Amino acid sequence: MQSALSHLSLHKIAVFCAVADHGSVTRAAEQLAIAQPVVTAHVRALSDKLGVALTRRRGRRIELTEEGRRVHAWGADLLRRARDLEQALAETREGRRGTATLAASMTFGSYVLPRLLVDSRARFPDADLAVQVVSPRAATQSVRDGGCDMAFTILEPGHDIDGLDVAPMRQEPLILIGAARPETPQTLSPAQLETLPFVAAQAGTPRRAIEDHALMAAGIGTRRIALELGHAEAIKQAVRAGAGVAFVFLSSVQDDLATGTLARIDTPGMALSVPIYLVRRRGRPLSPFHAALADHLTQAIRADTPVSAAK
């Protein structure tokens, strides 16, 4: 047996709530821009469907019965929910609301993207965002298999980008750092670099491949690796303790340089940088929200030039 509520329309409920709010058919008709007889007919039809009297006259005003007050409370809540749903759907169509999962390579996902996402909350206050901070290979694979909607990552030489759309976002400076000690040199030549102990990412990782490729392009083919570590924070700690020097992304040490816990070493003639890419799955259409988010983050990333890019 079907409930009487299943036959009710939102329009009839809205008309009844307007009468209840104003205590007047005339004022409800004016608010809704419909004729008074239509208002009266809708209230009567609603009452008949529910099988109870919803209103009664008291002088020139219309007041609610006990049943009418209960229906009014329910109807007003239902209309609020309907308006909220309508607004949410409109915001989704316009790209202001949605859910997105992003992937990011270690340094960019740890030191740059979180700050930009916090700033983006003003643009997308009702968005649900999640970030996977993973290796470049895992980031692109997550895009490829649908585990995330887009990725911001470095790409190692020869990285497999089959089936992906890749767009450069910005250049990330790769700088040399040492312990903040008096004996740490302010400047080193390429020849001197080959004699120093280095702290580096682990051999075989994309991060190490990118670093080795950039240094080889700058004329440094060999160097003495004293310690291999898997994350920028571990590398920084080892350098701070005096294990050697290290090439790191500027964005990962900006706070350390500002506070003097690490020292930047100038390398004349070696302006090293690595591109950060936006990676998306080729042929996968973007929802309005994903398109708006990608555009917003693209602009934010390109405008977010690392400070102290030059010593």
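Computed over heavy atoms, backbone and side chain alike; hydrogens, waters and symmetry mates excluded. Note that this is a predicted model, so its numbers are computed, not measured.
- Residues that satisfy the ring-ring contact (aromatic ring centres under 6.0 Å, His included) test with His22, not counting sequence neighbours, are absent from this structure.
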**OP:** Might you work through the salt bridge (Lys or Arg N to Asp or Glu O under 4.0 Å) test for Arg70 and Glu67, ending with a clear yes or no?
**Re:** CA-CA 5 Å; Arg70 294 175 64 185; Glu67 292 79 4; over 6 Å; no

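- Thr107 places no side-chain N or O within 3.5 Å of a backbone atom of Ser252 that could act as its donor or acceptor partner.
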Subject >> Pair Arg27-Asp21, salt bridge (Lys or Arg N to Asp or Glu O under 4.0 Å): steps then yes or no >> reply: CA-CA 10 Å; Arg27 293 183 63 187; Asp21 291 338; over 6 Å; no

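- Within the 6.0 Å centre-distance limit, the rings of Phe124 and Phe289 are counted as a close aromatic pair.
- Of the possible polar contacts, one joining the Thr65 side chain to the Ala53 backbone as a donor-acceptor pair under 3.5 Å is found.
- For His42, the ring-ring contact (aromatic ring centres under 6.0 Å, His included) partners two or more places apart in sequence, or in a different chain, are His11.
- Cluster membership for Met106 and Val134, using ILVMFWY side-chain heavy atoms within less than 4.5 angstrom, is not shared.
- The same ILVMFWY cluster, assembled from side-chain heavy atoms under 4.5 Å apart, contains both Leu262 and Leu227.
- Without hydrogens or angle criteria, Arg121 side chain to Ala127 main chain gives a donor-acceptor distance under 3.5 Å.
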Just list the side-chain donor-acceptor pairs under 3.5 Å for residues 291-299, sequence neighbours left out, or say none.
{"unit_1": "Asp295", "atom_1": "OD2", "unit_2": "Gln299", "atom_2": "NE2", "d": "2.8"}
{"unit_1": "Thr298", "atom_1": "OG1", "unit_2": "Ala294", "atom_2": "O", "d": "2.7"}

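- Under a 3.5 Å cut-off, the side chain of Thr140 and the backbone N or O of Arg137 do form a donor-acceptor pair.
- Within 6.0 Å of CD in Glu183 there are more than 12 heavy atoms belonging to other residues, nucleotides or ligands.
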Subject >> Derivation and outcome, salt bridge (Lys or Arg N to Asp or Glu O under 4.0 Å), residues Arg81 and Asp77 >> reply: CA-CA 6 Å; Arg81 290 173 180 267; Asp77 181 63; 2.9 Å; yes

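- When side chains are defined from C-beta on, Pro190 counts as touching Met270, because their heavy atoms get closer than 4.5 Å.
- The two residues Ser251 and Glu172 have their closest heavy-atom pair at OG-OE2, 2.5 Å.
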Original post:
Please walk me through it: do Leu272 and Leu176 pass side chain to side chain contact (heavy atoms under 4.5 Å, CB included)?
Top reply: CA-CA 10 Å; Leu272 305 181; Leu176 186 65; over 6 Å; no

**OP:** Evaluate the criterion side chain to side chain contact (heavy atoms under 4.5 Å, CB included) for residue pair Ile13 and Trp74; output intermediate values, then yes/no.
**Re:** CA-CA 10 Å; Ile13 295 168; Trp74 167 78; 3.7 Å; yes

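- Nearest approach of Ala179 to Thr184, heavy atoms of both residues: O-OG1, 2.6 Å.
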Subject >> From CA spacing to verdict: side chain to side chain contact (heavy atoms under 4.5 Å, CB included), Ile301, Phe108 >> reply: CA-CA 10 Å; Ile301 290 167; Phe108 194 79; 3.8 Å; yes

Listing, residues 195-217 side-chain donor-acceptor contacts under 3.5 Å, not counting sequence neighbours, or none:
{"unit_1": "Thr195", "atom_1": "OG1", "unit_2": "Gln192", "atom_2": "O", "d": "2.7"}
{"unit_1": "Thr205", "atom_1": "OG1", "unit_2": "Gln202", "atom_2": "O", "d": "2.7"}
{"unit_1": "Thr205", "atom_1": "OG1", "unit_2": "Arg208", "atom_2": "N", "d": "3.3"}
{"unit_1": "Arg207", "atom_1": "NH1", "unit_2": "Glu211", "atom_2": "OE1", "d": "2.8"}
{"unit_1": "Arg207", "atom_1": "NH2", "unit_2": "Phe247", "atom_2": "O", "d": "3.0"}
{"unit_1": "Arg208", "atom_1": "NE", "unit_2": "Asp212", "atom_2": "OD1", "d": "3.4"}
{"unit_1": "Arg208", "atom_1": "NE", "unit_2": "Asp212", "atom_2": "OD2", "d": "3.2"}
{"unit_1": "Arg208", "atom_1": "NH1", "unit_2": "Ala201", "atom_2": "O", "d": "2.9"}
{"unit_1": "Arg208", "atom_1": "NH1", "unit_2": "Glu228", "atom_2": "OE2", "d": "3.0"}
{"unit_1": "Glu211", "atom_1": "OE2", "unit_2": "Arg223", "atom_2": "NH1", "d": "2.7"}
{"unit_1": "Glu211", "atom_1": "OE2", "unit_2": "Arg223", "atom_2": "NH2", "d": "2.8"}
{"unit_1": "Asp212", "atom_1": "OD1", "unit_2": "Arg223", "atom_2": "NH2", "d": "2.8"}

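- Across all non-hydrogen atoms, the minimal contact from Ala246 to Val239 is CB-CG2, 3.6 Å.
- Heavy-atom minimum distance, Pro285 versus Gly283: CD-O, 3.3 Å.
- In this structure, Tyr277 belongs to a hydrophobic cluster whose other members, linked by side-chain heavy atoms under 4.5 Å apart, are Val143, Leu155, Ile161, Leu164, Val166, Val279.
- Of the charged side-chain nitrogens involved, none lies within less than 4.0 Å of a carboxylate oxygen, so that Asp119 and Arg115 do not count as a salt-bridged pair.
- Side-chain atoms of Arg69 come within 3.5 Å of backbone atoms of Leu64 as a donor-acceptor pair (strictly under, hydrogens ignored).
- Under a hydrophobic clustering in which Ile, Leu, Val, Met, Phe, Trp and Tyr are joined whenever their side-chain heavy atoms come within less than 4.5 Å, directly or via other members, Met169 and Leu286 fall into different clusters.
- Smallest separation of non-hydrogen atoms from Lys12 and Ala45: CE-CB, 3.7 Å.
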Subject >> Full working for side chain to side chain contact (heavy atoms under 4.5 Å, CB included) between Ile265 and Ile177 >> reply: CA-CA 5 Å; Ile265 303 172; Ile177 60 169; over 6 Å; no

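- Across every non-hydrogen atom of Leu32 and Ala18, the tightest pair is CD1-CB, 3.9 Å.
- By the salt bridge (Lys or Arg N to Asp or Glu O under 4.0 Å) test, Arg224 pairs with no residue at all, sequence neighbours left out.
- Salt bridge status for Glu233 with Lys236: present, with a side-chain N to carboxylate O gap under 4.0 Å.
- Counting heavy atoms from C-beta outward, Val43 and Ser47 have side chains that stay 4.5 Å or more apart.
- Side-chain contact of Thr101 with Gln132: a donor-acceptor pair under 3.5 Å is absent, judged by distance alone.
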